[in-house]
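Structure, as structure tokens:
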Amino acid sequence: MRECPLTKKRVRADQVEPQSGTVFSYSGATSTVSDKDVSAFRFDLADTISKLPNDDLKARAGIEAGDLLAGELNAAKVSAFFFQWRDSSEELHPVRRVLDKFKRTHEGKESSERFAVLLPTGKPPESAHKIAQEFYQSRGVKTPGLLNEKIGKIENSTDFHPESGVELTEARPFNLMFKTYVGPVESEDSIAYLRPETAQAIFAQFKNVLDTARQKVPFGIGQIGKAFRNEVTPRNFIFRSREFEQMELEFFIKPDEVIEAIHGSVATLGTLDPKSKTPEPQPNWGWESWHQYWVEERVRFYEGIGLSRDTLGFHHQTPEELAHYARACTDILFKFPFSKKDEQGNVKGDELEGIAARGDFDLSQHQRFSGKPMTVFDEELRAAWGKLPKEKSDTLWKRYYDHRKNYLTKCAKPDETAEQISQQATEDANGLAKGVYIPHVIEPSAGVDRLILALIANAFSEETKTDDKGKSETTVTLKFHPRVAPFKAGIFPLLKNKPELVKKAQAVRDLLRPWMNVYYDEAGSIGKRYARQDEIGTPFCVTIDFDTLGEKPELLDTVTLRYRDDGKQERLKISELRDWLLAKVR
RNA sequence: GCGGGUGUAGUUCAAUGGUAGAACGGCAGUUUUCCAAACUGCAUACGAGGGUUCGAUUCCCUCCACCCGCUCCA
């Protein structure tokens, strides 16, 4: 991380465009003092010296201060004299006072900070002066006089900010992880880092789960948990925060070479039709199909809790954006109210989830650094491999070998030789014949807090109504999908001063309570109670009225069921209420 | 991290160097009351710490929080 000292803009140290041109550098700047100030000071100084008590002192002070009485004058110079005379005799104090006054008037108005700026060849030096003066002004020097200008040519330097041309600060690591100490004493041994993502535990436990849960590839392990990142700017409510909840799935699949060995070829999924159901997973799917499948499956999840497809966006990471080990990554975005528009005015959205195809990188890393095998044994593969024509098995062997070698080379430990790497890759490829391989992984990883924010933003709806008296009122309704509404139903007795209504309403409440979150309310008018539930997003309200008690005999034991989004009402038998609601909220 | 702004009740907004008000909301009550009805009563606030002052919510300083912009988004 490097920074332009003038504009404070930051760039990544490894991403600076090389530039050429003329460099103007300065060792610092000092206040230029106006002629008027200078003559006033000199008059004062000469006057003070002339009033010293004896001629001897006058002569001494006159000689020593000679430099100040003639030639160039600035705060730094005066300051130097002031300190030179720090321990002088008491008789010289009036002189010191004059110096002190001048020094103080211009104090802090000098800078010894180095500054350099790169200009394209041909630009006049004045623009460099201007930028440098601007810089020293920002450092408190009001009328900067530049010191020790040096001019030189430079080629392909990455030390200057691409926009401002200003020399960047030293590269500083940007701390992304939270560091802490475990135990009561802070020492080197007890340093710990809070995890920046949750997935690593899954890989560490991969073998245990495989063995104990009696799973076969393909299968997945999901996890939800806290992660911590030292974000530069936590912003936008809970969209980006330093502590957040992450939910991740590591879905383990067979490498394409294994699929091809068993099934002869790798099936492609083609483009999925958004309207049709996600197809049933097939045994001959390769990583591309599985990746596509999970993207579609995740979108369906979002749709299932109320985020319709048109509120979402997608971003397919370009090869440059991808991490070196990733094969593909699709981000699912939500169009938040704060999301920025592009040039055409379209809202792209902000990331809710990334679905990455990560190959066998993670398990391979764990295997190499823990020394424990992360391979699986596949009976079907071993049987199929034996029946392959030699030509085919050679091709697959070679492809697998190349992938492994590529990975091992990229992630080589410092002491590993090319020979060792080839040997390891050969060993890995030979494993195929024995039915042994490291699974590949598809990783959907989502931010839970962001999802909650998206659900709230999506549900928020305001309506301004004007009543008969001309009084306008704005009401807020959170139109949550019933599945994610915090309360599923509000239960009200029409009147609270009628014990029969209250008793019946409480019975309905107790009937539903073991099955779902319900909100019992008897305070205020019925309209107000509906409004309160609208505001917290409760999708249904159930009112117990006189008909429930049998005022009209045919309506005995029925209730008013009222919908949040349109206010419509219908009557429903109490005996059917629970199943009716469960069907809506599950 | 930089620049700017704002901090008074749950919310929106007043006033004040000496007792901090309102509206809406909340709570309790009256009322056969189905979309924030009405009436009665009650409770709730000066972001934190220093300083100036007889006295500070008000003036000054520091900190903190939030907002906007820059930045960041590995």
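Keep in mind that the numbers below use all heavy atoms, side chains included, and drop hydrogens, waters and symmetry copies. Every chain is numbered from 1, with letters handed out A, B, ... down the list of sequences.
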Axial cation check for A:F361 ring with A:R358, 6.0 Å and 45° limits = no
With a cut-off of under 6.0 Å to the ring centre and 45° to the axis, is A:R300 in cation-pi contact with A:Y302?
-> no
Provide a list of protein-nucleic acid N or O atom pairs under 3.5 angstrom, restricted to nucleotides 31-34 of chain B.
from	atom 1	to	atom 2	distance (Å)
B:U31	OP2	A:N497	ND2	3.2
B:U32	OP2	A:N497	ND2	3.4
B:U32	O4	A:E551	OE2	3.3
B:C34	O2	A:Y530	OH	3.2
B:C34	O2	A:Q569	OE1	3.3
B:C34	O2	A:Q569	NE2	3.0
B:C34	N3	A:T560	OG1	3.4
B:C34	N4	A:D545	OD2	2.1

Could you check A:L478, A:V484, A:L307, A:I305 and say which one makes a side-chain contact (heavy atoms from CB on, under 4.5 Å) with A:N458?
-> A:L307
Treating a pair as Watson-Crick (purine N1 to pyrimidine N3 plus N6-O4 or O6-N4) or G-U wobble (N1-O2 and O6-N3) with both distances under 3.5 Å, list the stems of 3 or more consecutive pairs that involve RNA chain B.
-> B:1-7 with B:64-70, B:10-13 with B:21-24, B:26-30 with B:38-42, B:47-51 with B:59-63
Atom [atom1] of [X] to atom [atom2] of [N]: distance rounded to whole Å?
X: A:R564; N: B:A36; atom1: CZ; atom2: P; result: 18 Å
X: A:E463; N: B:C35; atom1: CD; atom2: P; result: 15 Å
X: A:F338; N: B:G69; atom1: CZ; atom2: P; result: 12 Å
X: A:E353; N: B:C73; atom1: CD; atom2: P; result: 22 Å
X: A:F492; N: B:A36; atom1: CZ; atom2: C1'; result: 12 Å

Within the structure shown, what part of the strands sits under 4.0 Å from A:E535 by heavy-atom distance: base, sugar-phosphate, or nothing?
-> base
Taking only Lys NZ, Arg NE, NH1 and NH2, and the carboxylate oxygens of Asp or Glu, determine whether [X] and [Y] approach each other closer than 4.0 Å.
X: A:R571; Y: A:D545; answer: yes
X: A:E296; Y: A:R309; answer: yes
X: A:D310; Y: A:K335; answer: no
X: A:R562; Y: A:D534; answer: yes
X: A:E245; Y: A:R450; answer: no

A:A199 and A:E443 have their tightest heavy-atom pair at CB-OE2, 3.9 Å
Closest non-hydrogen atom pair between A:E197 and A:Q246, with its separation = CA-OE1, 3.4 Å
Could you list the protein-to-nucleotides 39-41 of chain B atom pairs, N/O on both sides, closer than 3.5 Å?
none

So A:F252 and A:F203, would you call those rings parallel, tilted or perpendicular, with 30° and 60° as cut-offs?
-> perpendicular
The reported gap from CG in A:D557 to CG in A:L549 (rounded to nearest 0.5 angstrom) is 8.5 Å
Distance, nearest 0.5 Å, that separates CZ of A:F336 from CD of A:E351 = 10.5 Å
So which protein N/O to nucleotides 23-26 of chain B N/O distances come out below 3.5 Å?
from	atom 1	to	atom 2	distance (Å)
B:G26	OP1	A:R532	NH1	2.7
B:G26	OP2	A:K528	NZ	3.2

What integer number of Å spans the [atom1] atoms of [N] and [M]?
N: B:A14; M: B:G21; atom1: C1'; answer: 7 Å
N: B:G50; M: B:C68; atom1: P; answer: 32 Å
N: B:U8; M: B:A22; atom1: C1'; answer: 13 Å
N: B:C64; M: B:A38; atom1: P; answer: 46 Å
N: B:G4; M: B:A74; atom1: C1'; answer: 29 Å

Return the residues of residues 475-488 of chain A meeting this criterion: a heavy atom under 4.0 Å from some atom of RNA chain B. Order them by number, or give none.
-> A:T475
For A:Y563, side chain to side chain donor-acceptor pair (under 3.5 Å) partners two or more places apart = A:E570
Which residue lies more 5' along RNA chain B, comparing A:F239 with A:D534 via nearest heavy atoms | A:D534
